[in-house]
Amino acid sequence: LDGAVVTVLGWVQSVRRQGGVIFLILRDREGSLQVTAHKEGEPTAFKALEGVDEHDYLAIRGWVSRMEKAPRGVELVPAEVKVLATSTRKIPLNPRTRPGIDKRLDFRSLDLRNPKVLAIFKIRSSALQAIRTFLYDRGFLEVNSPKIIASATEGGAALFPLLFYNKEAFLAQSPQLYKEQLTAALEKVFEVGPIFRAEQFRTLRHLSEVTSVDVEEAGVTYDDVMRLLEEMIAHVHKSLADSNGDDLEALEVKLPRDPRPMRRCTYDEALGILKSKGSKVSWGEDLSTAALEKLGSLIPGYFFITDWPTASKPFYIRPKPGNPDLSESFDFMHGSLELASGGTRISSRKHLVQRLKEKRLNPRSFEYHLRAYDYGMPPHAGFGLGLDRLLMLLTGQENIREVVLFPRDPKRLTP
Ligand code: AMO
């Protein structure tokens, strides 16, 4: 473009005045550009730039010029400058003082102008696109289920109640029951949407509102959907390697282009591994954070823990035929981070009612759902993947808040 006349829009990243020259770095979502104005050569532009400050938003028309010494070997010689917006307050985020995540989230829109933060959300967008492309290619229909619902699916403690006209209702913890019903007609469905969990504690891995990728398919078992999930994750890695190399580099993340194979180990095997390393877990229990950390340190990369005790899983998960203490279920892990869980579902009403009762849930509260099982409900299986947790991994972040634009947790409801 050397010599071409262009118009660029962006915010001022930095400005330096040296006698009769102003050096300005203008940035937009895709990158930065040096603008150099000489008092003698470009008097009108020079005058307009004299008063600009960091984060002002400008439109500049000028000539592109090859310049070895400029940051990208190119600079813009401005002819005309329009200040479209000024930053009216003192900048609250000074990169030199390394503001903490809470301060940054208070000023999130400004924080996003940091190239590293931007890289996270470009990767997030690409990962989401890769997931959608993969599932569409496999013949899945994208659906949207209600988020105002009548009953819990994942256990009662973590529900947000709300007043729905004169009735009690809840924010959906999962699209679980809807995606299951939809397999009866739509066969292969997925939804990308919010799920709400009334978490009591602030941790680095939990939020009160999460984006979940929910997948459900008719006529398959947990084996099939584990393979699907494995291929989907591999597709995400490949897509990011192909299209987000710069963003990954900015974050200093090295992702394997193909993260397969992914080991599958049963719950019983996991207990065996833990026992051999001196950790005791009694059979039937969920695995503690410490146990998962130990296990995750022993198994590299992504892995599945399968065949969990039926009692540790929700009512809709199918017990293994011939061994009902175990279930056709899985958790999908990376290190000690649980990314997804899923399984084969119960597809008979009678069996579901029995499991609801065993879980001390009232089948009458689920009648609207159980009704669907009276009319040829196909066998089906699926999973729910926490998109935010996957993004922590893909962008190398320890804190889930880094990968969510406007996170919600027990202490944060704004912005
Ligand atoms: P589960 O409750 O395991 O399964 O949730 C699925 C995945 O969602 C993510 N997740 C969370 N991430 C951050 N903060 C939270 N508070 C939070 N809660 C859940 C995790 C988790 O693995 N209906 C089933 C899925 C299914 O069987 O299809 C379900 O909701 O990554």
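We use all heavy atoms of the structure for the numbers below, so side chains are in, but hydrogens, waters and symmetry mates are not. Each ligand, and each atom within it, is numbered from 1 in the order the structure gives. All figures in this text were calculated on a predicted structure; none of them were measured in a lab.
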Pair [X] + [Y]: basic N to acidic O under 4.0 Å:
X	Y	answer
E217	R227	no
K280	E285	no
R349	E367	yes
R132	E142	yes
D374	R371	no
D331	R389	no

What is the closest protein heavy atom to [atom], and at what distance does it sit?
atom	answer
atom 9 (C) of ligand 1	G386 CA, 3.7 Å
atom 29 (C) of ligand 1	E154 OE1, 3.6 Å
atom 13 (C) of ligand 1	R205 O, 3.3 Å
atom 31 (O) of ligand 1	L339 O, 2.8 Å
atom 12 (N) of ligand 1	R389 NE, 3.5 Å
atom 3 (O) of ligand 1	S341 OG, 2.7 Å
atom 23 (N) of ligand 1	Q176 OE1, 2.6 Å

With [atom] as the reference point, say which of [options] has the nearest heavy atom.
atom	options	result
atom 24 (C) of ligand 1	Y316, F332, F383	Y316
atom 7 (C) of ligand 1	A158, P407, S174, G384	G384
atom 10 (N) of ligand 1	V404, V210, D409	V210

Could you check whether R345 makes a cation-pi contact with Y316, meaning its NZ or CZ is under 6.0 Å from the centre of the six-membered ring and within 45° of the ring axis?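 No cation-pi geometry.
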Could you tell me whether R355 sits above the aromatic face of F315, with NZ or CZ closer than 6.0 angstrom to the six-membered ring centre and within 45 degrees of the axis?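 That pair does not qualify as a cation-pi contact.
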Could you tell me if any non-hydrogen atom of [X] lies under 4.0 Å from any atom of ligand 1?
X	result
L207	yes
S212	no
G342	yes

So, regarding R197 and ligand 1 (criterion: nitrogen or oxygen to nitrogen or oxygen, under 3.5 Å), is there a contact or not?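 Yes, at least one N or O pair falls under 3.5 Å.
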I400 N/O under 3.5 Å from ligand 1 N/O: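 The answer is no, given that I400 and ligand 1 share no N or O pair closer than 3.5 Å.
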W283 and D268: side-chain donor and acceptor closer than 3.5 Å?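 Yes, because at least one side-chain N or O of W283 sits under 3.5 Å from a partner of the opposite role on D268.
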Determine whether the side chains of R401 and N399 contain a donor N or O and an acceptor N or O closer than 3.5 Å.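 Yes - a donor-acceptor pair under 3.5 Å links their side chains.
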Just heavy atoms, cut-off under 4.0 Å: does [X] contact ligand 1 by side chain, backbone, both, or neither?
X	answer
E338	both
E199	side chain
F196	neither
V215	neither
R345	side chain

Taking the side chain as everything from C-beta on, heavy atoms only, tell me whether R27 gets closer than 4.5 Å to S14.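 Side-chain contact under 4.5 Å: no.
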Could you tell me if the side chain of L387 sits less than 4.5 Å from the side chain of L391, heavy atoms only?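 Yes, their side chains come closer than 4.5 Å.
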Should the ring pair W308 and Y267 be called parallel, tilted or perpendicular, given that the plane angle runs from 0 to 90° and is split at 30 and 60?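 If you compare the ring of W308 with that of Y267, the planes turn out tilted.
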Per-atom contacts of ligand 1 with K179, taking only distances under 4.0 Å to non-hydrogen atoms: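 Near K179, meaning under 4.0 Å from one of its heavy atoms, ligand 1 has 26 (C), 28 (O).
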